[in-house]
There are 2 protein chains.
Amino acid sequence: MVTLADVAQHAGVSASTVSYVLSGKRTISALTRERVERSITELGYHPNAGARALASNRSNIIALMMPLRMDMYLPVMTEIAIAIATHARAHGFDVLMLTSEEGPEAVHRVVGSGLADAIILMDVELDDARLPLLRESGRPAVLIGLPATTTGLTCVDLDFTATGALCAEHLAGLGHREIAVIGEAPAVYERRTGFAERTIDGLRTRARALGLQVLHRPCEGNYAAMAGALAQIFSERPDVTGFVVQNETAVEPLLGLLRQHRRAVPEDISVVAICPEQVAVHASVRLTSVAIPARDMARHAVEQVVAKIEGRAGDEVVLLEPELTVRASSGPAPAPAA
Amino acid sequence: MVTLADVAQHAGVSASTVSYVLSGKRTISALTRERVERSITELGYHPNAGARALASNRSNIIALMMPLRMDMYLPVMTEIAIAIATHARAHGFDVLMLTSEEGPEAVHRVVGSGLADAIILMDVELDDARLPLLRESGRPAVLIGLPATTTGLTCVDLDFTATGALCAEHLAGLGHREIAVIGEAPAVYERRTGFAERTIDGLRTRARALGLQVLHRPCEGNYAAMAGALAQIFSERPDVTGFVVQNETAVEPLLGLLRQHRRAVPEDISVVAICPEQVAVHASVRLTSVAIPARDMARHAVEQVVAKIEGRAGDEVVLLEPELTVRASSGPAPAPAA
DNA sequence: GTGAAAGCGCTAACAG
DNA sequence: CTGTTAGCGCTTTCAC
């Protein structure tokens with residue numbers, strides 16, 4: 001193994017000089033710098049991560065705690081995770097993957113051992129068991145999601161309240177008077193993951209202001225569950241002309257079933273989805289949607305966490321503005337069947 | 001920060017004793033062990049990862065290189081990644097997430113710096129640019145997937161050749177004479193990811209032996225592409241009665257379109273999918289399928305890699321036996337339309 | 001602009 | 001069964 005000392009000897013300088021060439025923490029003459037750099041490449045030197053972590057008290061690793069749950073539409077989680085890894089690399093950090101299976105314990109382990117300089121938590125619940133540990137650990141942390149109390153924590157999330165409101169507005173603006181919301185699986189609400197509740201709250205509040213009737217149905221994302229929910233909605237509220245879907249896996253079942261019910265989209269029924277762009281664009285009907293900005297969330301999370309590691313940031317709540325893109329699935333409400 | 005020395009002092013023993021209590025590498029009297037363990041919990045001691053890595057030359061980290069590509073059905077990749085993380089933890093390892101964006105470079109960086117003790121590569125191509133680097137690095141590595149040459153490497157994968165054969169057999173056994181294969185997106189074949197080619201090869205070989213006609217169509221996983229492919233298949237080969245699908249995202253489009261074409265599944269058309277169990281079970285028709293054993297692959301990969309790190313294993317190619325589960329989407333071939 | 005040297009916290013001989 | 005001690009490879013004062 002090539003060590004820093006080897007490089008120093010090969011270049012005819014001291015160890016500290018090599019170190020400073022690497023870190024750029026003091027000015028080096030062009031000549032020495034060049035010599036050192038040549039030696040580095042010639043010898044194929046790679047600084048030892050462990051030694052560096054020990055001496056500098058920094059691992060240059062960010063831990064990312066991902067959910068295991070299968071009810072949390074994995075593609076979004078995955079996209080966020082990949083984007084986090086990519087951005088972290090751009091800041092010189094690697095990403096350590098933790099699963100929520102290990103539970104709050106993992107926070108201790110990783111942060112206590114200095115394995116990671118900071119933690120990013122995904123899929124945060126309103127009253128998350130990991131938060132007390134995090135706060136007392138004092139380590140930099142960023143949450144993706146919004147817990148009940150955010151004091152002492154930095155959080156990044158889509159503004160789901162505004163998202164719900166935006167959907168209500170869009171449908172009301174098109175003349176719809178009665179709409180149904182296909183929500184996440186019941187388990188998501190029971191777990192109190194926040195975003196689902198905030199969406200429906202935001203939607204209801206705005207709907208009330210706009211004189212829009214709202215029926216909310218949590219729903220598993222499969223054909224059978226969707227078929228049941230839909231049948232019930234149409235029997236209870238035959239005048240529903242608009243749907244808001246906040247469950248990516250329910251999108252296709254819904255569209256397929258509407259076809260079976262002989263309801264044309266958007267002529268008879270308008271559909272607005274809250275989902276990743278990709279799902280909206282590739283669905284059997286191009287969906288009017290509010291995008292879940294996975295990349296943006298990842299970018300903000302990494303920037304916040306890096307800023308905290310470097311001591312240049314405090315706690316902050318970053319709520320991303322929702323954007324609704326009109327596509328082929330929404331249109332004017334049909335004239336009431338005389 | 002609490003150090004090992006602090007614990008030693010508090011327990012009234014030497015540093016090495018504490019170290020050995022932790023590692024179990026030598027026998028310790030019950031009394032001392034207990035005293036040390038008490039001190040550890042009382043002081044809230046966590047061994048410093050960097051120091052440990054430096055002294056022991058082991059980081060207890062496994063690097064996992066994941067694909068970024070969006071054409072690679074992410075849920076399977078994610079499931080594998082999560083399962084790898086879980087199993088790795090069970091062996092005392094953490095998992096560092098690398099994206100393939102960094103390219104072969106990342107192999108150098110992570111392995112050269114001693115950041116990771118080993119690497120697991122996902123989404124390996126037949127002639128993968130990362131392999132030469134890996135081989136010469138000499139670090140333990142396991143591939144998920146099967147490259148063209150496996151010398152000096154351990155590989156874990158589903159036996160896709162056998163998988164293709166199994167699908168052909170199942171349909172032939174039901175009396176089908178002419179089948180179509182809906183393959184992965186063209187890009188997947190162009191990239192030469194191996195598994196797609198092996199599947200079709202295995203299927204063709206067995207089909208020939210069984211007197212089965214095969215039409216193969218690579219296909220993007222969306223409605224539009226699927227609609228085009230399907231129309232063409234039915235016009236070129238009106239007598240096709242069986243489909244094999246190896247593209248998870250094409251499953252629902254195919255089923256939806258078959259309905260639109262008024263072909264009943266399985267009465268008119270049988271469908272066999274090569275996909276994760278979850279997709280097969282939750283599809284609008286419960287699909288006869290060969291499962292992609294994400295968890296098993298992850299388990300084998302971790303076991304192999306840990307064995308290699310500990311020097312108790314050589315290179316090996318582990319091919320998992322495919323299993324076909326009959327569900328509602330396949331049945332006897334319809335009698336030829338007189 | 002550069003060197004020398006003191007650790008960082010832990011492991012693993014070596015010594016008893 | 002336990003203690004002593006010499007590093008592991010790097011960063012960072014302190015000194016020039």
Side-chain angles (χ1 to χ4, degrees), chain A residues 1-37 39-40 43-61 92 109-117 310, chain B residues 1-37 39-40 43-61 92 109-117 309-311:
Chain A
M1 175 183 214
V2 185
T3 71
L4 181 146
D6 298 333
V7 175
Q9 191 175 7
H10 184 270
V13 298
S14 75
S16 56
T17 300
V18 177
S19 176
Y20 285 120
V21 166
L22 255 32
S23 69
K25 287 189 183 173
R26 77 182 185 193
T27 45
I28 303 279
S29 76
L31 184 65
T32 8
R33 143 162 295 115
E34 204 169 309
R35 286 231 308 264
V36 170
E37 276 165 354
S39 299
I40 287 177
L43 300 180
Y45 168 69
H46 283 277
N48 180 288
R52 197 168 247 192
L54 177 56
S56 67
N57 207 19
R58 288 265 246 95
S59 65
N60 278 286
I61 290 177
R109 188 172 60 79
V110 160
V111 130
S113 66
L115 217 194
D117 297 329
E310 294 174 351
Chain B
M1 174 183 216
V2 185
T3 72
L4 182 146
D6 297 333
V7 175
Q9 191 176 7
H10 184 270
V13 299
S14 76
S16 58
T17 300
V18 177
S19 177
Y20 285 119
V21 167
L22 255 32
S23 69
K25 288 189 182 172
R26 79 183 185 192
T27 44
I28 303 279
S29 76
L31 183 66
T32 1
R33 144 161 295 116
E34 205 169 307
R35 286 231 308 266
V36 169
E37 277 165 354
S39 299
I40 287 177
L43 300 181
Y45 168 68
H46 284 277
N48 180 290
R52 198 168 244 191
L54 177 56
S56 67
N57 207 19
R58 289 264 247 95
S59 65
N60 279 287
I61 289 177
R109 187 172 61 79
V110 159
V111 131
S113 66
L115 218 195
D117 297 328
I309 290 172
E310 294 172 352

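Side-chain atoms are counted along with the backbone in the values below, which use heavy atoms only and exclude waters and symmetry mates. Below, read A as the first sequence line, B as the second, and so on, with proteins coming before strands; counting in each chain starts at 1.
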At under 4.0 Å between heavy atoms, what does Gly12(A) touch on the DNA or RNA strands: base, sugar-phosphate, or nothing? sugar-phosphate

Salt bridge (Lys or Arg N to Asp or Glu O under 4.0 Å) with Glu37(A): which residues, sequence neighbours excluded? Arg33(A)

Closest non-hydrogen atoms of Met1(A) and Asp6(A), given as atom of the first, atom of the second and distance, are O-OD2, 3.6 Å

Work out how much the helix from dG1(C)-dC16(D) to dG16(C)-dC1(D) bends between its end axes, five pairs an end, to the nearest 10 degrees. 30°

Any residue meeting side chain to side chain donor-acceptor pair (under 3.5 Å) with Asn48(A), in chain and number order, not counting sequence neighbours: none

Run through Val18(A), Val13(A), Val21(A), Val7(A) and flag the one making a side-chain contact (heavy atoms from CB on, under 4.5 Å) with Ser39(A). Val7(A)

If you compare all heavy atoms of Leu4(B) against all heavy atoms of Tyr45(B), which two are closest, and at what distance to 0.1 Å? N-CE1, 3.4 Å

Treat primed atoms plus P, OP1 and OP2 as sugar-phosphate and everything else as base, then score nucleotides 7-14 of chain D 5' to 3': B for base contact with protein heavy atoms under 4.0 Å, S for sugar-phosphate contact only, - for none. BBBBBBBB

Minimum heavy-atom distance Asn60(A)-Gly92(A), with the two atoms named: OD1-O, 3.5 Å

Mind listing the closest non-hydrogen atom pair of Ser59(B) and Ala116(B) along with its distance? OG-CA, 3.6 Å

Where at least one partner belongs to residues 17-31 of chain A, residue pairs that pass side chain to side chain donor-acceptor pair (under 3.5 Å), sequence neighbours excluded: Ser14(A)-Thr17(A), Ser29(A)-Thr32(A)

Assess whether side chain to side chain contact (heavy atoms under 4.5 Å, CB included) is satisfied between Ile61(A) and Leu115(B), documenting all intermediate values. CA-CA 10 Å; Ile61(A) 290 177; Leu115(B) 218 195; 3.8 Å; yes

Where does the chain B footprint on DNA chain C start and end, counting 5' to 3' with a 4.0 Å heavy-atom cut-off? dG9(C) to dC14(C)

When you look at CD of Glu34(B), are more than 12 heavy atoms from neighbouring residues, nucleotides or ligands closer to it than 6.0 Å? no

